[in-house]
Amino acid sequence: MDFKERNTYTKDDSLKIKGIAALMILIFHFFRSAKAMKKLSLVTIPFSVNSMAYLSDLCKMGICVFAFITGYGLLLSIKNRQMSKEQTLKWYISRLLKTMSGYYFIFILMAVVTQIVSGDVERIFFKKSIVHIIYC
């Protein structure tokens with residue numbers, strides 16, 4: 001059965017789209033600066049360094065695509081359940097904790113690695129951030 005017949009995306013479809021979006025995000029992070037690519041002597045054959053930088057700029061849309069498809073999947077997930085308000089609130093809290101736990105794990109891990117490598121985690125992570133504005 002193709003998409004036209006079922007008129008919705010399956011979980012498999014959304015995983016494929018999110019995979020493409022993740023590749024777009026990687027391209028954006030790896031090739032966003034022509035100056036850095038030249039400095040690192042990255043090989044971008046068959047493309048020029050400038051065209052790769054342009055392509056990577058377009059690939060920043062991968063973040064929006066990934067977030068949209070994730071939200072769409074969550075909407076379908078909750079739409080198909082019969083829950084009370086209390087169960088719905090618990091579901092939202094569990095999804096938020098599940099989503100943000102990965103973010104905070106990586107954030108803390110990178111802060112520790114940055115402190116070990118450069119010894120300047122405060123300047124790199126917190127300068128002009130909300131933490132800096134509140135506490136400094």
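Below, all heavy atoms of this structure are taken into account, side chains as well, without hydrogens, waters or symmetry copies.
In this structure, Tyr104 and Phe107 have perpendicular ring planes: the angle between them is above 60°, well past the 30° mark.
For residues 43-56, the set of pairs meeting the salt bridge (Lys or Arg N to Asp or Glu O under 4.0 Å) definition, not counting sequence neighbours, is empty.
Under the 4.5 Å side-chain heavy-atom criterion for Ile, Leu, Val, Met, Phe, Trp and Tyr, Phe47 and Val49 are members of the same hydrophobic cluster. Grouping the Ile, Leu, Val, Met, Phe, Trp and Tyr side chains by contacts below 4.5 angstrom, directly or via other members, places Tyr72 with Ile17. The hydrophobic cluster containing Ile25 does not contain Val65, counting ILVMFWY residues as joined when their side-chain heavy atoms lie under 4.5 angstrom apart, directly or transitively. Hydrophobic clustering (ILVMFWY, side-chain heavy atoms < 4.5 Å, transitive): Met61 and Ile20 are in one cluster.
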Give the table of side-chain donor-acceptor pairs shorter than 3.5 Å for residues 95-102, with sequence neighbours excluded, one pair per line with atom names and distance.
from: Thr99; atom 1: OG1; to: Arg95; atom 2: O; distance (Å): 2.8
from: Ser101; atom 1: OG; to: Leu97; atom 2: O; distance (Å): 3.1
from: Ser101; atom 1: OG; to: Lys98; atom 2: O; distance (Å): 3.0

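Smallest separation of non-hydrogen atoms from Ser84 and Gln87: N-OE1, 2.9 Å. Residues Gly62 and Ala21 approach most closely at O-CB, 3.4 Å, considering heavy atoms. Across every non-hydrogen atom of Met24 and Cys59, the tightest pair is O-CB, 3.1 Å.
Looking at Trp91 and Leu74, their side chains come closer than 4.5 Å, going by heavy atoms from C-beta outward.
In this structure, OG1 in Thr88 is found 5.0 Å from CD1 in Ile78, a value given to the nearest 0.5 Å.
Counting heavy-atom neighbours within 6.0 Å of Tyr54 OH, excluding the residue itself, gives a total of 12 or less.
Judged purely by atom type and a 3.5 angstrom limit, Asp13 uses its side chain to pair as donor or acceptor with the backbone of Thr10. Here the side chain of Thr70 pairs a donor or acceptor atom with the backbone of Phe66 at under 3.5 angstrom.
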